[in-house]
Each structure stands twice: as C-alpha cells, then as structure tokens.
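Structure record follows, encoded as structure tokens.
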Amino acid sequence: MHRFFFWVSLLIVVMLIVPTYLEACPGCKTLDDPIGKGFNWSILFLIAMPFTVFGVISGTIFLHYRRANTEPTD
Amino acid sequence: MAHNNSEVQGRQPLSNARLGILVLLGAETMLFSGLIGTFLVFRVGNVTWPPPSHIGIELPRVVTGINTALLLLSGYTMVQAWRAIQKDRVKQLRNWLLITGALGLLFLGVQGSEWVQLIRNGLTLQSGVYGGIFYVLIGCHAVHVLSAVIWLFIVFGMAMAGRFSATRYVGVDTCTIYWIFVVALWPILYVLVYLS
C-alpha cells in the first residue's frame, strides 16, 4: 500500500514538474477562429438540450399531478 | 373489478398516450437539436454565408415567410379542433381538422415548388455544405409535416366514423400535441436557415 502511494505521488510530482500543453479535442485548437466559435456554440446548444427536454417532460408530469391533486374529488 | 380499473384510469393525472407522445417529442427534439447543432457549426464557422461558391443563390425568404404564416395558422386551427371535441362538437372538429390538413398540404406544396426552383438554380444536396445542411434540415422538417398530415387525416377518418366524443378523444389529443410541435419548430428553422 505504501509503495502504491509512493508511485502515485511520484507520478503526480513528475507531472507537475514537466507540464505539457494538452489539446482536449481538435476543435478546441482554434477557439479564436470562426470554426472554433461554431463548434463552441454548437456544443453549448447541445449541452443545454437534454436538460431542456428532461425539464419540460418532468415539468409537464409535475403540473398534471399537482392539478389532479388540487382538483376537488366527487 | 373492471369498474375499479376504469375508475383508476379515469383519475390518471397524465394518460399513457400523452406520456408516450411527450417521450416521442423528446426524441424528436434531440434529433433536430443535432441537426441545428451541425448547422451552427457551419453557419458560425463561415464568415460569409452563403459560402462564396453559392453567392448567386438566394433563398426565397418572402414566400417562405408567407408559408410560415400558413403553418402558424394551421396550429391555431388545430387547437380549435381540439377545443371543439372537448365541447363534444364533432362536426366542428371535422371542419377544423379538414382546414388544418389543407393548410399542411399547402405548406408542403409551396415548399416543394421552392425546392424545384432552388434545384434548377443549382442548389442541390451535392453542391456543398450549404446545400447539404439546407436540404437535410428543412427536408427533415418537411418529412415530419408530411407524417403529421397523414396522422391528421387518419384522425379525420376516425372523426368521420364517429370515434370521438367529449370524454374520449385521445387520438385528437396526441395528434394536436404532435402538430403543435411541428408548427412551433418551423419558425426556429426559418429564422436560422433563411434569415440568419
């Protein structure tokens, strides 16, 4: 166990000593270029959509149930 | 026991059909989001739009604007059909459904004639990114309008057969939700593709 932590610590120290510039994706290389901005807007839009869809569906279900609970029963 | 089941069904806050159509529309929204995301990459990624290779080709903005108004009007008539069946007015339901279907077919007809003109002017699916994204995005919506029109005429046929009443109109209900989705989507696509 101690040996494991030693090697992990050593790896972290080496990574901190020798920093390198990493590109996460090819599109992010040219963020100032129009194509980079295009990718940015597209990614932001696509990130937002699943939350929007889930929000609308769950909101509709919630409103239907709340309306059903507040309506007086016969 | 059957009586109890029907009572439970009657008290359901959200019917299975409505829930099903909501999930379907969620999937449809994600499909169009992917296409709009692709369009954004090309649109924002190009300083000049349309690209220099398509400079001479103009999209018919005015005619499509009028067509947009027709589709929005069909959304109104569809809601009227839905309201009519809630009041048990079956004859009014049939009339409003017929008007809505006619407006949908008119929208498709105008769009089809626009496409013929654009293809004659040289804008095809193979003519580059501009043509490709235009036909895929607008064509995908047109297929949805067509399927909505087919669905609407099936509902119209059921209305003619007297299958709907004020207490039983799930077919009209789901068709209305789908129609409103297709109608509401179009102005977004129009602004993005034709006006941006």
Side-chain angles (χ1 to χ4, degrees), chain A residues 4-5 7-74, chain B residues 3 6-52 129-130 133 136-137 167 170 173-174 176-178 180-181 184-185 188-189 191-193 196:
Chain A
F4 172 75
F5 279 115
W7 285 112
V8 169
S9 307
L10 188 67
L11 184 67
I12 291 168
V13 168
V14 169
M15 283 168 76
L16 287 172
I17 290 170
V18 194
T20 53
Y21 187 71
L22 290 176
E23 298 289 356
C25 69
C28 304
K29 282 181 184 174
T30 52
L31 273 178
D32 293 333
D33 290 349
I35 194 72
K37 283 181 183 167
F39 272 113
N40 249 0
W41 279 107
S42 177
I43 290 165
L44 284 172
F45 174 72
L46 287 173
I47 285 172
M49 284 321 286
F51 296 101
T52 310
V53 168
F54 184 76
V56 168
I57 292 175
S58 50
T60 307
I61 294 169
F62 171 75
L63 284 176
H64 272 81
Y65 271 83
R66 200 175 68 167
R67 199 180 300 159
N69 286 335
T70 50
E71 273 175 7
T73 51
D74 297 329
Chain B
H3 177 70
S6 66
E7 260 187 2
V8 170
Q9 285 285 328
R11 278 194 312 237
Q12 250 187 352
L14 186 67
S15 70
N16 290 343
R18 270 197 167 204
L19 187 61
I21 199 81
L22 277 177
V23 172
L24 171 76
L25 293 186
E28 297 277 30
T29 306
M30 289 316 296
L31 167 74
F32 278 100
S33 298
L35 292 174
I36 291 170
T38 310
F39 177 82
L40 284 176
V41 170
F42 292 124
R43 176 64 193 89
V44 182
N46 280 284
V47 180
T48 52
W49 192 259
V129 165
Y130 188 62
I133 195 66
V136 169
L137 195 51
T167 53
V170 70
D173 204 30
T174 48
T176 305
I177 295 170
Y178 188 74
I180 295 299
F181 170 77
L185 185 65
I188 299 167
L189 298 182
V191 170
L192 273 176
V193 177
S196 70

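Letters go in sequence order (proteins before strands), and every chain restarts at 1. All values derive from a computational prediction rather than experimental measurement.
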Run through N46(B), V44(B), V47(B), T48(B) and flag the one making a side chain to side chain contact (heavy atoms under 4.5 Å, CB included) with P34(A).
V47(B)
Between F45(A) and chain B, which part of the residue has a heavy atom less than 4.5 Å away: side chain, backbone, both or neither?
side chain
To the nearest 0.5 Å, tell me how far L31(B) CG sits from M49(A) CE.
11.5 Å
Hey, what do you get for CD1 (I43(A)) to CG (L40(B)), rounding to the nearest 0.5 Å?
11.0 Å
Can you name the closest pair of heavy atoms from G26(B) and I57(A) and give their distance?
CA-CD1, 4.4 Å
Honestly, the part of R43(B) sitting under 4.5 Å from a heavy atom of chain A is neither
Counting heavy-atom pairs under 4.5 Å with chain A, which one of I36(B), L25(B), V23(B) comes out on top?
I36(B)
Can you see which heavy atom on H64(A) is nearest to which on P13(B), and at what distance?
CD2-O, 3.3 Å
Could you check if a side-chain atom of P50(A) sits within less than 4.5 angstrom of a side-chain atom of M30(B), using non-hydrogen atoms only?
yes
Below 4.5 Å from any heavy atom of chain A, which atoms of L19(B) appear? Answer side chain, backbone, both or neither.
side chain
